[in-house]
There are 2 protein chains.
Amino acid sequence: MTGLLNKLSARGYKITPQRRIILQVLSDSDKHLSAEEIADKVKQIEPGISVATVYRNLNLLAEIGILSRLNLHEGPARYELNQGHNHHLVCLGCGNAIKLGVCPMQGEIKKIIEESGFEVDSHHFEITGYCQKCQARQKL
Amino acid sequence: MTGLLNKLSARGYKITPQRRIILQVLSDSDKHLSAEEIADKVKQIEPGISVATVYRNLNLLAEIGILSRLNLHEGPARYELNQGHNHHLVCLGCGNAIKLGVCPMQGEIKKIIEESGFEVDSHHFEITGYCQKCQARQKL
DNA sequence: ATAGCAGTTGATAATAATTATTATTTAGGA
DNA sequence: TCCTAAATAATAATTATTATCAACTGCTAT
Ligand SMILES: [Mn+2]
Ligand SMILES: [Mn+2]
Ligand SMILES: [Zn+2]
Ligand SMILES: [Zn+2]
């Protein structure tokens, strides 16, 4: 938490109560949250904070690498404290995004893409389906 | 073209002038087009056609497999006549979506995902960067 | 050919997610 | 404490798409 705030001021950004609370909310969560979910939790702590401030800061925090933005194929973007490069199994039942410990941008595939002459900037790999909990729920 | 129209009526959908024109526009294009781009071209042929009709039919045609929808990470969805399962190299310069002849959902990665107990419904792999043309353009 | 009606359309309102605008406030350095 | 660039709150605007609904039309059965 303190480290995150330091990263902000080290880059010349101010440490505002709004930013503290947004980071607190994200620290307290163990899953990805949408901007709206974050704004709701933030307002439980400090009702005066504007949703625009939440969006503004989520953008900033993602830009400087404090957060990672998970831009799902559909629905709103989701955020969490940056935990490094990852891909996800996204459940159509409960919406959970489960980290997948593997990345397709390597080995043969990486080689093929490089050899095509395309200059890679970023990549995105997303699997949708049903997590084990939701599979069990369907069978009831 | 005739085959596509047959597929429509075989499923109980009517062959309307609007649908003919939308399919014509897509047949005439060699790249992905957004709904708006399609609507523009459609209106050049028949100005009275509503943009809502274009959206409505793009959804229908994608649903029954006549078109494939390319839901890019950002920006509007893009459509083309269905040419089978594919992933793309999307150029940040010119917007072109170049087909990548390979799919990560196979071999080791597929096995890892299956073994996780997650029931896969679909997957999405998208590489963004710069195509060779746009790389050359940058160097000028 | 004609009538009937489910399917379709055009016009427009609504929605969802996010960004832009702008007057006001504030964090943090001098 | 003062100053000012940065940040905020409130709200309008934007983008892409879907929903609504009255009017229309392709097809099928007469
Ligand atoms: Mn990766
Ligand atoms: Mn694939
Ligand atoms: Zn689930
Ligand atoms: Zn390009």
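Chain A is the first sequence line, chain B the second, and so forth, proteins listed ahead of strands; every chain is numbered from 1.
- For B:R19 and D:dC27, the CZ to P distance is 10 Å, given to the nearest whole Å.
- Using a 4.0 Å heavy-atom criterion, one finds that A:P17 contacts the sugar-phosphate atoms exclusively.
- Both B:S34 and B:K14 lie near DNA chain D, and the one whose nearest nucleotide falls closer to the 5' end is B:S34.
- Counted by atom type alone, A:N71 and A:R78 present zero donor-acceptor pairs between their side chains at under 3.5 Å.
- In terms of position on DNA chain C, the residue among B:T16 and B:V51 whose nearest nucleotide sits closer to the 5' end is B:T16.
- Heavy-atom nearest nucleotides on DNA chain D were determined for B:S9 and for B:A35, and the one closer to the 5' end corresponds to B:A35.
- At whole-Å resolution of the value, CD1 in A:I49 and P in C:dT26 are 13 Å apart.
- For A:H124 and A:H73, the ring centers are positioned 6.0 Å apart or more.
- Between A:N59 and C:dT19 there is a side-chain polar atom (N or O) within less than 4.0 angstrom of OP1 or OP2.
- Between the side chains of B:H32 and B:E80, at least one donor N or O lies within less than 3.5 Å of an accepting N or O.
- When rounded to the nearest whole Å, the span between CZ of A:R69 and P of C:dA17 equals 15 Å.
- Of the listed nucleotides (C:dT18, C:dT9, D:dC27), D:dC27 has the atom at the smallest distance from the side chain of B:I15.
- The CG-P distance, from A:L5 to C:dA27, rounds to 14 Å in whole Å.
- For the pair A:N57 and D:dA7, the criterion of a side-chain N or O lying under 4.0 Å from OP1 or OP2 is not met.
- Residue A:G48 is classed as a sugar-phosphate contact, given heavy-atom separations below 4.0 Å to backbone atoms only.
- Rounded to an integer number of Å, the gap from OH of B:Y79 to P of D:dT17 is 6 Å.
- In this structure, A:Q18 reaches the D:dA9 phosphate: one of its side-chain N or O atoms is under 4.0 Å from OP1 or OP2.
- Straight-line distance from the OH atom of A:Y55 to the C1' atom of D:dA13: 15 Å, rounded to whole Å.
- Between A:D28 and A:Q24, the side chains place a donor N or O and an acceptor N or O closer than 3.5 Å (distance only, hydrogens not considered).
- Here C:dA20 is the nucleotide among C:dA20, C:dT12, D:dA16 with the atom lying nearest to any side-chain atom of A:A52.
- For B:R56, the salt bridge (charged side-chain N to carboxylate O under 4.0 Å, His left out) test picks out no residue, with sequence neighbours left out.
- If you take CZ of B:R20 and P of D:dG26, they are 10 Å apart, rounded to a whole angstrom.
- Residue contacts shown for B:R56 include a base, since a base heavy atom lies under 4.0 Å away.
- Closest to the side chain of B:T53, from the set D:dA10, D:dC27, C:dT9, is C:dT9.
- Rounded to whole Å, the distance from CD on B:E74 to C1' on C:dA16 is 17 Å.
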